[in-house]
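Proteins get letters first, then strands, A, B, ... in listed order; numbering begins at 1 in each.
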Number of protein chains: 2
Amino acid sequence: MAGIRAKQKEKTRQALINAAMNQLNAENGFSSLSLREVAREAGIAPTSFYRHFRDMDELGLTLVDECGLALRQLLRQARQRIESGGSIIRVSIETFMQFVADNTATFRLLLQERSGRSRSFRLAVVREIDHFKAELEDYLVNEQSFTRELAELQSDTIAKIVFSAGADCFDVDEEEREIITEKTILQVRLVARGAEATRRLLKKQT
Amino acid sequence: MAGIRAKQKEKTRQALINAAMNQLNAENGFSSLSLREVAREAGIAPTSFYRHFRDMDELGLTLVDECGLALRQLLRQARQRIESGGSIIRVSIETFMQFVADNTATFRLLLQERSGRSRSFRLAVVREIDHFKAELEDYLVNEQSFTRELAELQSDTIAKIVFSAGADCFDVDEEEREIITEKTILQVRLVARGAEATRRLLKKQT
DNA sequence: CGAAACAGCGTACACCTGTACGCCGAATGT
DNA sequence: ACATTCGGCGTACAGGTGTACGCTGTTTCG
């Protein structure tokens with residue numbers, strides 16, 4: 001019952017995932033990545049791959065899911081840190097940017113497959129981004145008392161800005177990344193200010 | 001001197017470009033697109049490909065360049081239309097979205113290779129987006145009297161929003177695309193309002 | 001006119017791909 | 001203790017890939 005068998009299986013499964021991530025680090029997009037290569041890097045025979053995933057797409061979806069999950073957990077932690085003081089915008093964006101730096105490979109996969117590959121791939125990515133938006137939207141409604149409509153518009157805008165900024169961080173050093181981070185903070189504040197002005201505008205009209 | 005030879009060469013060159021664009025329409029990203037397939041669709045022998053491009057990458061860069069050029073020309077036309085009355089934001093975004101709808105294949109390539117493939121590819125894409133930003137930035141400085149700094153922040157933000165929105169249009173029907181267009185207009189107005197508020201804020205401080 | 005240039009072709013090669021099939025040996029369940 | 005399960009392996013195959021090489025027939029140029 002020790003599950004020594006299941007243990008080993010999980011281990012090689014992880015080896016496959018890591019192998020895929022490593023090869024993603026290079027200049028090769030996920031689609032130009034072969035089952036055989038991944039298996040080779042993971043140290044198993046090509047045919048053993050099928051014991052874990054139906055095909056490469058299933059592996060890719062797993063990567064997307066894991067990436068999204070990790071990001072969400074990280075941001076949730078960040079939000080707790082905020083409750084004990086700190087700028088919501090700054091802390092969130094700094095956390096996000098750090099995440100991108102630490103998980104460049106999978107995050108690149110996420111953005112790259114956002115507009116390519118198979119439908120199921122795209123849907124998975126959209127789902128992850130929607131999670132991000134939904135949590136931000138709820139925050140804006142509950143903590144900042146925005147209307148649902150304005151919060152939705154705002155969170156969608158911010159998501160676009162932040163994810164684009166994340167993509168800008170792929171090939172830059174830490175110094176450059178800090179510059180981008182600061183710029184992004186300013187940009188999100190710009191949006192927040194615009195939303196605030198819009199709210200006031202709407203109030204006056206009634 | 002009629003250049004009947006050069007004429008023919010240009011014709012098959014275009015055939016290659018069109019073939020690549022057609023195959024891009026499907027669910028295949030550019031990187032999963034083979035020289036042989038493109039040559040086949042263009043109606044020439046695989047080895048004749050080399051008479052026109054060193055390799056597939058060179059073809060891809062050509063596509064990116066052409067796509068960017070067409071977009072710039074279109075937006076310049078749009079701006080002329082604006083000078084004879086019309087909302088700059090609305091007209092620009094509607095034009096942009098129409099362009100994406102008409103050139104889905106190449107625009108998808110543009111966004112996809114923004115964060116993938118070889119360095120030269122990425123640089124080419126960044127260059128195109130920078131063109132877009134620069135023209136917008138100049139407009140904001142010259143016509144709207146923003147400071148260079150605030151104009152730069154604003155144009156970068158808007159570029160992020162608009163290009164992301166473009167990506168959202170890839171797999172949707174015309175109805176959905178109109179919804180996205182309207183949403184994008186609201187989002188850009190949000191940013192414009194935020195920039196306006198920021199400008200006033202800075203003026204008061206001095 | 002004759003010679004050079006050159007777009008396009010066909011053949012050929014070495015390489016890589018996904019995956020079907022059957023086997024093995026260790027972990028597991030009874 | 002024995003039968004079953006199952007992760008991993010090796011072999012094998014058909015198909016696709018990029019591209020080197022040398023040949024054509026037409027256009028171009030002196």
Side-chain angles (χ1 to χ4, degrees), chain A residues 1-63 109 113 116-118 120-121, chain B residues 1-63 109 113 116-118 120-121:
Chain A
M1 261 289 191
I4 158 161
R5 189 167 208 126
K7 218 85 162 182
Q8 180 57 31
K9 176 160 184 180
E10 181 57 26
K11 204 168 142 194
T12 61
R13 187 186 140 99
Q14 274 302 322
L16 280 171
I17 290 177
N18 290 338
M21 293 208 312
N22 284 347
Q23 313 219 225
L24 236 41
N25 263 338
E27 300 220 312
N28 304 329
F30 180 80
S31 54
S32 73
L33 196 141
S34 83
L35 182 152
R36 280 178 113 106
E37 255 183 310
V38 172
R40 207 175 307 138
E41 172 126 358
I44 65 170
T47 46
S48 299
F49 179 95
Y50 299 105
R51 304 281 185 205
H52 303 271
F53 303 98
R54 193 191 323 276
D55 50 28
M56 284 295 293
D57 276 16
E58 197 169 300
L59 206 185
L61 287 178
T62 305
L63 286 182
L109 167 67
E113 301 306 321
R117 207 72 189 143
S118 62
S120 55
F121 244 14
Chain B
M1 262 287 191
I4 158 162
R5 188 165 208 129
K7 218 85 163 182
Q8 180 56 30
K9 177 161 184 179
E10 182 56 27
K11 203 168 145 194
T12 61
R13 187 188 141 98
Q14 273 303 322
L16 280 170
I17 290 176
N18 289 338
M21 294 208 313
N22 283 348
Q23 313 218 224
L24 236 40
N25 264 340
E27 300 219 314
N28 303 330
F30 180 80
S31 54
S32 73
L33 197 141
S34 83
L35 182 152
R36 280 177 114 105
E37 254 183 310
V38 172
R40 207 176 307 137
E41 171 125 357
I44 65 170
T47 47
S48 298
F49 179 95
Y50 297 106
R51 303 281 185 206
H52 303 270
F53 303 99
R54 192 190 323 275
D55 50 29
M56 284 296 290
D57 276 15
E58 197 170 299
L59 206 184
L61 288 178
T62 305
L63 287 182
L109 166 67
E113 302 306 321
R117 208 74 188 144
S118 61
S120 55
F121 244 14

Taking all non-hydrogen atoms of both residues into account, name the closest pair between [X] and [Y] and its distance.
| X | Y | result |
| --- | --- | --- |
| B:S118 | B:D57 | OG-OD2, 3.7 Å |
| B:A19 | B:A42 | CB-N, 3.8 Å |
| A:A20 | A:V38 | N-CG1, 4.2 Å |
| A:L59 | A:L16 | CD1-O, 4.4 Å |

Item checked: Sequence-distant partners of A:N18, side-chain hydrogen bond (donor to acceptor under 3.5 Å, both in side chains), two or more places apart -> none

Margin query: Which residues pass the side-chain hydrogen bond (donor to acceptor under 3.5 Å, both in side chains) test with B:S48, not counting sequence neighbours?
Written below: none

Which whole-number value in Å describes the distance from [X] [atom1] to [N] [atom2]?
| X | N | atom1 | atom2 | result |
| --- | --- | --- | --- | --- |
| A:L59 | C:dG18 | CG | C1' | 15 Å |
| B:Q8 | D:dT28 | CD | C1' | 15 Å |
| A:L33 | C:dC16 | CG | C1' | 14 Å |
| A:E10 | D:dG8 | CD | C1' | 16 Å |
| A:L35 | C:dA20 | CG | C1' | 14 Å |
| B:K11 | D:dT26 | NZ | P | 17 Å |

Margin query: Give the residues of residues 41-56 of chain A touching DNA chain D, defined as any heavy atom closer than 4.0 Å, sorted by residue number.
Written below: A:I44, A:A45, A:T47, A:S48, A:R51, A:H52

Note to self: Using the side-chain heavy atoms of A:K9, tell me which of these nucleotides is nearest: D:dG7, C:dT19, D:dT17.
What the structure shows: D:dG7

Notebook entry, point to check: Going by modelled atom types, is there a donor-acceptor pair between the base of D:dG7 and the side chain of A:R5 at under 3.5 Å?
Noted result: no

Margin query: Any donor-acceptor pair, under 3.5 Å, between the side chain of B:R36 and the base of D:dG16, if you only look at N and O atoms?
Written below: no

Check: Looking at B:T12, does any N or O in its side chain come under 4.0 Å of the phosphate oxygens OP1/OP2 on C:dA7?
Finding: no

Next item on the list: Run the numbers on B:L35 and B:D55 for side-chain contact (heavy atoms from CB on, under 4.5 Å), then give the verdict.
Entry: CA-CA 8 Å; B:L35 182 152; B:D55 50 29; 5.9 Å; no

Next item on the list: If a pair satisfies salt bridge (Lys or Arg N to Asp or Glu O under 4.0 Å) and one of its residues is in residues 31-52 of chain B, list it, with sequence neighbours excluded.
Entry: none

Checklist line | Test side chain to side chain contact (heavy atoms under 4.5 Å, CB included) applied to A:T47 - qualifying residues, sequence neighbours left out | finding: A:A45

Note to self: If the helix axis at each end comes from five base pairs, how far does the helix from C:dC1-D:dG30 to C:dT30-D:dA1 deviate from straight, to 10°?
What the structure shows: 20°

Margin query: Under 4.0 Å, counting only non-hydrogen atoms across every strand here, what does A:R40 touch: a base, just sugar-phosphate, or nothing?
Written below: sugar-phosphate

